[in-house]
Amino acid sequence: MTRTLTVATWNINSVRLRQDLLTTLMAKAAPDILCLQETKAPDFLFPSDLGNKLGLPHVLTRGMKGYNGVAVLSRFELQRLETTPDWCGKSDCRHIAANVLIGHQPITIHNFYVPAGGDIPDREANPKYGHKLDFITEAKKHFASCPPYRTILVGDLNIAPLENDVWNHKQLLGVVSHTPAETAGLNEWREQGFTDAIRHFVSQDQKLFTWWSYRNRDWRASNRGRRLDHIWVSRDLEASLSHHDILSEARDWPRGSDHVPVVLTLAI
DNA sequence: ATGGTTGGCCCCCAA
């Protein structure tokens, strides 16, 4: 029997401030699994009724005070993967993983919030950039040691890997999120057994963005976007890729995030 | 070349 599984990822930039927008997202995209980044809420302050309200009653959170924070909300039962690495030894709530109990064989989901990396693309001058590169290297090594199977990896990876993942490739080569060191690192991580599910549907010669800075007067008119949010699937799931959606309209939702939701449907 | 905005939280940091 074939069924569909729809996964959404969204850097929501404060879950407590934007609960209403999640109701809107459910009405538009109806994901079975919703992965959030930058929840900015410690677990005891994560809205306790949110999952039930959205029809996604199985909820896992990893949050901290003020910064970062990730969550998975699911229509299906989740088994948390407890033995995930402590990335860069920082215990900073940037990753949560679970098995989704669906059908005869579970699907594994990884939800990442990769460090943004600060402004200066130099690890000596800017330790945050070094942290970002180290995080990517650790992630690559981790998946090299346990190759993905029936696995979906989503998140705000804070890197736009392709020329058409940014509004101006040449101008952004020296800007954190599109430097050669970052894009090479992200490609090596993905090559540990994943396919870029969104680029499976959208040709590499098409511009594709998931984030537009708050610092533009009119994000749609200037369209200085970047594709920072990604969904990858393990290669065994490539044949199951069914369709995708990038909800650019969400950038105009009242008091919205600077990121928009990315949605993938699989026929499994 | 610079500045532009947002959120959380302790008057500044991170994005």
Side-chain angles (χ1 to χ4, degrees), chain A residues 9-22 24-25 35-47 50 61-71 87-95 111-123 125-136 154-161 165-168 170-179 181-183 185-186 209-230 247-262:
Chain A
T9 179
W10 194 16
N11 177 321
I12 193 172
N13 189 16
S14 171
V15 67
R16 285 175 285 174
L17 202 63
R18 301 191 214 283
Q19 293 182 64
D20 296 351
L21 301 187
L22 290 174
T24 307
L25 172 61
C35 296
L36 302 175
Q37 304 87 35
E38 283 208 89
T39 54
K40 294 185 175 178
D43 293 339
F44 77 95
L45 288 178
F46 192 95
L50 181 62
T61 64
R62 174 173 282 160
M64 62 192 284
K65 186 179 176 180
Y67 307 104
N68 309 331
V70 286
W87 305 100
C88 302
K90 286 185 181 286
S91 311
D92 58 357
C93 303
R94 296 181 175 276
H95 175 226
N111 179 12
F112 277 96
Y113 175 52
V114 169
D119 287 331
I120 305 164
D122 179 320
R123 66 159 69 235
N126 169 23
K128 286 190 258 185
Y129 185 70
H131 175 216
K132 183 178 196 175
L133 295 178
D134 293 345
F135 191 105
I136 299 289
V154 310
D156 176 3
L157 307 185
N158 262 318
I159 297 172
D165 290 340
V166 293
W167 64 278
N168 186 321
K170 283 186 181 166
Q171 201 162 327
L172 288 177
L173 275 171
V175 173
V176 174
S177 74
H178 195 60
T179 64
E182 292 168 87
T183 57
L186 191 71
F209 308 143
T210 65
W211 171 88
W212 292 263
S213 171
Y214 282 127
R215 302 177 192 178
N216 281 105
R217 206 168 290 273
D218 184 336
W219 72 273
R220 203 184 282 277
S222 56
N223 198 25
R224 295 186 168 191
R226 303 178 202 169
R227 188 170 72 109
L228 304 179
D229 304 275
H230 299 273
L247 277 87
S248 308
E249 65 196 86
R251 190 61 181 73
D252 277 331
W253 291 351
R255 297 206 75 188
S257 170
D258 46 353
H259 295 252
V260 300
V262 178

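Predicted model, so just to flag it, every value in this text is computed and none were measured. So you know, we letter chains A, B, ... as the sequences are listed, proteins then strands, and number each from 1.
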Peer 1: So what does A:Arg251 touch, heavy atoms closer than 4.0 Å: a base, only the sugar-phosphate, or nothing?
Peer 2: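 No contact.
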
Peer 1: Restricting to nitrogen or oxygen on both sides, can you table the protein-nucleotides 1-3 of chain B pairs closer than 3.5 Å?
Peer 2:
none

Peer 1: For A:Arg62, what residues pass the salt bridge (charged side-chain N to carboxylate O under 4.0 Å, His left out) criterion, not counting sequence neighbours?
Peer 2: none

Peer 1: If you find the nucleotide of DNA chain B closest to A:Arg255 and the one closest to A:His259, which residue's nucleotide is nearer the 5' end?
Peer 2: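 The residue mapped nearer the 5' terminus is A:Arg255.
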
Peer 1: Can you check the distance between B:dT6 and B:dT2, where both ends of the measurement are the P atom (answer in whole Å)?
Peer 2: 23 Å

Peer 1: To the nearest Å, give me how far apart CD (A:Gln37) and P (B:dG7) are.
Peer 2: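 In whole Å, B:dG7 P lies 17 Å from A:Gln37 CD.
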
Peer 1: Whether the side chain of A:Asn111 engages the backbone of A:Ala71 through a donor-acceptor N/O pair (distance < 3.5 Å, no angle test) should be reported.
Peer 2: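 Yes, A:Asn111 side chain to A:Ala71 backbone: donor-acceptor pair under 3.5 Å.
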
Peer 1: Quickly work out the A:Ile159 CD1 to B:dA15 P distance and round it to whole Å.
Peer 2: 14 Å

Peer 1: Taking atom C1' in both B:dG3 and B:dA15, compute the distance separating them and give it to the nearest angstrom.
Peer 2: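 Pairwise C1' distance, B:dG3 against B:dA15, rounds to 15 Å.
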
Peer 1: Can you tell me how far P of B:dA15 sits from CD1 of A:Ile120, to the nearest Å?
Peer 2: 14 Å

Peer 1: Can you tell me if A:Trp212 uses its side chain to pair, donor with acceptor, with the backbone of A:Arg224 under 3.5 Å?
Peer 2: no

Peer 1: Where do A:Tyr129 and A:Asp119 land on the side-chain contact (heavy atoms from CB on, under 4.5 Å) test, with the steps shown first?
Peer 2: CA-CA 8 Å; A:Tyr129 185 70; A:Asp119 287 331; over 6 Å; no

Peer 1: Roughly, in whole Å, what's the span from CG in A:Asp156 to P in B:dA15?
Peer 2: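 After rounding, the reported distance stands at 10 Å.
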
Peer 1: Would you say A:Arg16 places a side-chain N or O within less than 4.0 Å of OP1 or OP2 belonging to B:dC9?
Peer 2: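 Yes, such a contact exists.
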
Peer 1: Please report, rounded to the nearest Å, how far the C1' atom of B:dG4 is from the CH2 atom of A:Trp219.
Peer 2: 18 Å

Peer 1: For A:Glu38 and B:dG8, give me the distance from atom CD to atom C1', rounded to whole Å.
Peer 2: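 One finds 11 Å between C1' of B:dG8 and CD of A:Glu38, rounded.
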
Peer 1: From CG of A:Asn11 over to P of B:dA14, roughly how many Å is that when rounded to an integer?
Peer 2: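 Atom CG in A:Asn11 sits about 17 Å away from atom P in B:dA14.
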
Peer 1: Both A:Asn13 and A:Arg217 contact DNA chain B. Which one's nearest nucleotide lies toward the 5' end?
Peer 2: A:Arg217

Peer 1: Taking the C1' atom of each, how far is B:dA14 from B:dC10, in whole Å?
Peer 2: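 Here B:dA14 and B:dC10 have their C1' atoms 15 Å from each other.
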
Peer 1: Where the side chain of A:Asn126 meets the backbone of A:Gly117, is there a donor-acceptor pair that is under 3.5 Å apart?
Peer 2: yes

Peer 1: Is the shortest distance from a Lys or Arg side-chain nitrogen in A:Arg255 or A:Asp20 to a carboxylate oxygen in the other one below 4.0 Å?
Peer 2: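 No.
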
Peer 1: When you check the side-chain N and O atoms of A:Glu182 and A:Ser177, is any donor under 3.5 Å from an acceptor?
Peer 2: no

Peer 1: Test of understanding: with ring-ring contact (aromatic ring centres under 6.0 Å, His included), list the residues that count as partners of A:Trp87, not counting sequence neighbours.
Peer 2: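 Expected list: A:His95, A:Phe112, A:Phe135, A:His142.
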
Peer 1: If the condition is salt bridge (charged side-chain N to carboxylate O under 4.0 Å, His left out), which residues does A:Asp156 pass it with, not counting sequence neighbours?
Peer 2: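 Salt bridge (charged side-chain N to carboxylate O under 4.0 Å, His left out) list for A:Asp156, sorted by chain: empty.
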
Peer 1: Taking salt bridge (charged side-chain N to carboxylate O under 4.0 Å, His left out) as the test, write out the residues that go with A:Asp218, two or more places apart.
Peer 2: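 For A:Asp218 there are no salt bridge (charged side-chain N to carboxylate O under 4.0 Å, His left out) partners, ignoring immediate neighbours.
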
Peer 1: Could you list, one pair per line, each protein nitrogen or oxygen that sits under 3.5 Å from a nitrogen or oxygen of nucleotides 10-13 of chain B, together with the distance?
Peer 2:
| unit_1 | atom_1 | unit_2 | atom_2 | d |
| --- | --- | --- | --- | --- |
| B:dC10 | OP1 | A:Lys65 | NZ | 3.1 |

Peer 1: Just the rounded figure in Å: distance from C1' of B:dT5 to CG of A:Leu17.
Peer 2: 14 Å

Peer 1: Take atom P in B:dG8 and the same atom in B:dG4, then report the distance between them in whole Å.
Peer 2: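 Rounded to whole Å, the distance is 22 Å.
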
Peer 1: For B:dC9 versus B:dT5, give the span between their P atoms, rounded off to a whole number of Å.
Peer 2: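 To the nearest whole Å, 22 Å.
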
